[in-house]
Trainee: 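Can you keep this structure in mind? I'll have questions shortly.
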Amino acid sequence: MGIGFLIFFVLFVSSIASVVTQNTSGFHHFWLVQSWPPVFCQKYPCKNPPLDFVLHGLWPVNSSGHTLKNSSRGKFDFVGTIGNSSLRGELEKNWPSLVYSDSANFWEHEWEEHGSGQPLMEPTEYFQAAIRLRKSVDLMSTLKREGILPNGTSYPITDFVDATKDIYGHPRLTCSYGYLLNEVNLCVDSQARNFISCNHRERKSTTCRKRITFPRHVKIENGYIWHEE
Ligand SMILES: *[C@@H]1O[C@H](CO)[C@@H](O)[C@H](O)[C@H]1NC(C)=O
Ligand SMILES: *[C@@H]1O[C@H](CO)[C@@H](O)[C@H](O)[C@H]1NC(C)=O
Ligand SMILES: *[C@@H]1O[C@H](CO)[C@@H](O)[C@H](O)[C@H]1NC(C)=O
Ligand SMILES: *[C@@H]1O[C@H](CO)[C@@H](O)[C@H](O)[C@H]1NC(C)=O
Ligand SMILES: *[C@@H]1O[C@H](CO)[C@@H](O)[C@H](O)[C@H]1NC(C)=O
């Protein structure tokens with residue numbers, strides 16, 4: 001068997017793999033979306049937000065970075081399916097809802113609106129993948145190491161990108177009002193295994209301007225939570 005055949009074989013197998021992963025839904029890869037509570041919680045009243053990035057979701061997107069929403073894979077009964085299993089404890093720890101009083105409703109929503117838009121994983125596997133990815137990321141330490149602290153200072157967006165891109169690939173950032181860091185999206189391959197750089201179109205779709213403020217505290221007033229600069 002010559003090298004020519006081997007090359008043919010490898011190309012053949014990888015073309016099958018890409019047909020499988022890029023099927024009619026247009027699914028191409030994922031965003032691991034993490035919220036920065038001092039800003040995220042301005043829009044949504046939160047309960048007990050920690051001062052760390054919090055996993056919002058693992059969202060399937062197409063190759064131009066549009067989220068694939070509400071597939072026809074139907075409703076998901078979290079309590080009936082996952083109930084009180086150890087997976088639930090892992091989710092509570094690594095994927096707590098900032099907003100819902102019962103996180104089970106949040107995970108159901110994330111599966112129904114986002115998770116079901118990918119064709120490769122069933123709910124249990126999807127939740128496990130999200131947890132595994134979240135556990136493998138420590139944005140806060142990564143940023144701190146590069147001197148980027150949540151202290152209300154504003155930084156060029158390129159500082160955020162440079163601090164994270166060697167470890168997690170080029171991120172896509174979203175901001176409130178164009179300047180308050182709201183969420184960091186890290187791109188993940190279609191197998192939900194490895195971080196990849198977000199592509200040019202995804203990066204261009206940032207909602208942040210050239211400088212980003214990284215606010216610190218969360219202050220509760222009348223049940224609503226605001227950031228302090
Ligand atoms: C991705 O989805 C958006 C919105 O549905 C669509 O406009 C765009 O053409 C899609 N891109 C690809 C490459 O399928
Ligand atoms: C799950 O645990 C909760 C509280 O720990 C309890 O109220 C509920 O009955 C349990 N549900 C099942 C299906 O075991
Ligand atoms: C998608 O699903 C969510 C939650 O299940 C629902 O709130 C929303 O209205 C749905 N959107 C569309 C466009 O069907
Ligand atoms: C896309 O994925 C779904 C779910 O696995 C599958 O039913 C469907 O046949 C796939 N479509 C193509 C064109 O491969
Ligand atoms: C915030 O931290 C940065 C980096 O250490 C520092 O340059 C800046 O002066 C600090 N800003 C405030 C308001 O403490």
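Residues take their numbers from the sequence shown, with the count starting at 1. Keep in mind it's a predicted model, so treat the numbers as computed, not measured. Every number for a ligand or one of its atoms is a count from 1 in the order of the listing. Keep in mind that the numbers below use all heavy atoms, side chains included, and drop hydrogens, waters and symmetry copies.
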Trainee: Tell me: protein heavy atom nearest atom 7 (O) of ligand 1, and distance?
Mentor: His66 CE1, 4.8 Å

Trainee: Quick one: closest heavy-atom pair of Ser103 and Glu92, and the distance?
Mentor: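 Closest pair (atom of Ser103, atom of Glu92, distance): OG-OE1, 4.0 Å.
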
Trainee: Which is it for Phe214 and ligand 5 at heavy atoms under 4.0 Å: side chain, backbone, both or neither?
Mentor: neither

Trainee: Between Lys210 and Asp159, does any NZ, NE, NH1 or NH2 come within less than 4.0 Å of an OD or OE carboxylate oxygen?
Mentor: no

Trainee: With a cutoff of 4.0 Å, is Gly152 in contact with ligand 5, counting heavy atoms of the residue only?
Mentor: no

Trainee: Side chains of Ser154 and Arg211: donor-acceptor distance under 3.5 Å anywhere?
Mentor: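 Their side chains do contain a donor-acceptor pair, which is all the 3.5 Å distance test asks for.
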
Trainee: Check the angle between the aromatic planes of Phe30 and Tyr126 and answer parallel, tilted or perpendicular using the 30° and 60° thresholds.
Mentor: tilted

Trainee: Look at atom 14 (O) of ligand 1 and say whether a protein heavy atom is found at less than 4.0 angstrom from it.
Mentor: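 Under 4.0 Å from atom 14 (O) of ligand 1, at least one protein heavy atom found.
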
Trainee: Can you tell me which residue and heavy atom of the protein come closest to atom 4 (C) of ligand 5, and the distance to 0.1 Å?
Mentor: Gly147 O, 3.2 Å

Trainee: So which protein heavy atom does atom 9 (O) of ligand 5 come closest to, and at what separation?
Mentor: Thr153 OG1, 4.6 Å

Trainee: How far is atom 2 (O) of ligand 5 from its nearest protein heavy atom, and which residue and atom is that?
Mentor: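 Among all protein heavy atoms, the one nearest atom 2 (O) of ligand 5 is Asn151 ND2, 2.4 Å.
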
Trainee: Within a distance under 4.0 Å of any heavy atom of Ser63, pick out the atoms of ligand 1 and give their elements.
Mentor: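 Listed by number with element, the hits are 13 (C).
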
Trainee: Among protein heavy atoms, which sits nearest to atom 5 (O) of ligand 5, and what does the distance come to when rounded to 0.1 Å?
Mentor: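 Of the protein heavy atoms, Leu149 CD1, 3.6 Å lies nearest.
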
Trainee: Any atoms of ligand 1 less than 4.0 Å from a non-hydrogen atom of Ser64? List them with their elements.
Mentor: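 Those atoms are 1 (C), 8 (C), 10 (C), 11 (N), 12 (C), 13 (C).
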
Trainee: Among protein heavy atoms, which lies nearest atom 10 (C) of ligand 1, and at what distance?
Mentor: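 I find the closest protein heavy atom is Asn62 ND2, 2.5 Å.
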
Trainee: Which word best sums up how the rings of Phe127 and Phe78 line up, parallel for under 30°, tilted for 30 to 60°, or perpendicular for over 60°?
Mentor: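 Aromatic pair Phe127/Phe78 classed perpendicular.
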
Trainee: Could you pull out the closest heavy-atom pair between Thr213 and Pro215, with the gap in Å?
Mentor: O-CD, 3.2 Å

Trainee: Phe195 and side chain to side chain contact (heavy atoms under 4.5 Å, CB included): which single residue from Thr164, Ile167, Val137 fits?
Mentor: Val137

Trainee: Give me the ring orientation class for Phe214 and Phe160: parallel if the planes are under 30° apart, tilted from 30 to 60°, perpendicular past 60°.
Mentor: perpendicular

